[in-house]
Amino acid sequence: MLRYVTTNAGKVREAREYLDGVEQLDYDYTEIQAAELGPIAARGAREAYRYAGEPILVDDAGLFIEGFDGFPGPYSAYVDDTLGVETVQRLVEGEIDGPRRASFRCVLAYCDGESFEASPDPVDRDDRSAAAAAGAAGAVGGSDDGDADTLPVKLFHGTVRGRIVEPRGEGGFGYDPIFEHDGTTFAEMSAVEKNAVSHRGRAFAKFAEWFESRSE
Ligand code: ITT
């Protein structure tokens, strides 16, 4: 049974479209400090696999604001919890002129204790070459959990570009009300409409295709 590791009910709603019979695992893995999402998700997948002993899918996402050099990026959850998305929107409006471009990124990290081919999606083996293949800028924190760090983790990336706008819409979660894509905020879309264009939808489309062929 595949376990989708998240504490976020909004992510589970969106994931269901891609994964039949997926079970949520409400497990709060350690989020290491890193400039990119890949190493954070890979490390979380190893930790969750060690905890559950079943195939694991970790979903790490973030909002990268161009005029803020990608902030809040990997710190998106902390910034959402402390400032809130409306304050983020006001800061963007006050500090950035022009179109206020941003992108959402999602990384899905899969671990089932076995190894995989790296093509076309990268495998994080917790070494420098794998991190480079995954586009990682390097994790801060080191490897202190022994052999768990040698577990290979397959990574699936999804990105969507948009811009930061005043909050609109009642749907979605997190930063969705302030993220507009093609004239509509993610909070104004249904889960199906959002999945069709979103970072998570794109990552899941890749993962679901790969996972089906792996299960054959
Ligand atoms: P888990 O780590 O338990 O999965 P989380 O909500 O902390 O839950 P992330 O670290 O991936 O998940 O999310 C970082 C922040 O970005 C957090 O505030 C989310 O609400 C937000 N976020 C993630 N995906 C989003 C999406 O599709 N739309 C809007 N906000 C999103």
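These figures come from a predicted structure and were not determined experimentally. For ligands, and for the atoms within them, numbers begin at 1 and follow the listed sequence.
- Atom CG of Asp20 has 12 or fewer heavy atoms from other residues, nucleotides or ligands within 6.0 Å.
- Atom numbering of ligand 1 starts at 1 in the shown order; those under 4.0 Å from a heavy atom of His199 are 24 (N), 25 (C), 26 (C), 27 (O).
- Listed by number with element, the atoms of ligand 1 under 4.0 Å from a non-hydrogen atom of Asp60 are 9 (P), 10 (O), 11 (O).
- Relative orientation of the Tyr4 and Phe204 rings is perpendicular, given thresholds of 30° and 60° on the angle between their planes.
- For the pair Thr7 and ligand 1, the shortest N or O to N or O distance falls below 3.5 Å.
- Taking the side-chain hydrogen bond (donor to acceptor under 3.5 Å, both in side chains) definition, one finds that Arg105 meets it with nothing, sequence neighbours left out.
- Ligand 1 lies less than 4.0 angstrom from a heavy atom belonging to Phe173.
- In summary, the aromatic rings of Phe207 and Phe211 are positioned with their centroids under 6.0 Å apart.
- In this structure, the protein non-hydrogen atom closest to atom 21 (C) of ligand 1 is Tyr175 CD1, 3.8 Å.
- Closest heavy-atom approach to atom 14 (C) of ligand 1 within the set Gly62, Ala61, Gly174, Gly158: this belongs to Ala61.
- In terms of protein heavy atoms, atom 17 (C) of ligand 1 is closest to Ala77 CA, 3.8 Å.
- Taking every non-hydrogen atom of Ser76 and a distance limit under 4.0 Å, the qualifying atoms of ligand 1 come out as 14 (C), 15 (C), 16 (O), 18 (O).
- The nearest heavy-atom contact from the protein to atom 24 (N) of ligand 1 is Arg200 NH2, 3.0 Å.
- Thr7 places no side-chain N or O within donor-acceptor distance of the main-chain N or O of Asp28, the cut-off being under 3.5 Å.
- From Leu91, atom CG reaches atom CZ of Phe71 across 8.5 Å, with rounding to the nearest 0.5 Å.
- By the 30° and 60° cut-offs, the orientation of the rings of Phe104 relative to Phe186 is parallel.
- The 12-atom threshold is not exceeded at CD of Glu209, counting heavy atoms of other residues, nucleotides or ligands nearer than 6.0 Å.
- Ranking the protein heavy atoms by distance from atom 18 (O) of ligand 1 puts Asp80 OD2, 2.8 Å first.
- At the shortest separation from atom 2 (O) of ligand 1 among protein heavy atoms lies Glu31 OE2, 3.5 Å.
- Counting protein heavy atoms only, atom 9 (P) of ligand 1 is closest to Lys11 NZ, 3.5 Å.
- Taking a cut-off of under 4.0 Å to the non-hydrogen atoms of Lys194, the atoms of ligand 1 that pass are 26 (C), 27 (O), 28 (N).
- Heavy-atom contacts of Thr6 reach the following atoms of ligand 1: 1 (P), 3 (O), 4 (O), 8 (O) (cutoff under 4.0 Å).
- Separation of atoms CG (Leu108) and CD1 (Ile56) is listed at 13.0 Å; rounding is to 0.5 Å.
- Among protein heavy atoms, atom 6 (O) of ligand 1 sits closest to Asn8 ND2, 2.9 Å.
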Step-by-step salt bridge (Lys or Arg N to Asp or Glu O under 4.0 Å) determination, Lys154 to Asp124: CA-CA 6 Å; Lys154 184 99 169 158; Asp124 184 312; over 6 Å; no

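- If you check which protein heavy atom lies closest to atom 28 (N) of ligand 1, you get Asp176 OD1, 2.6 Å.
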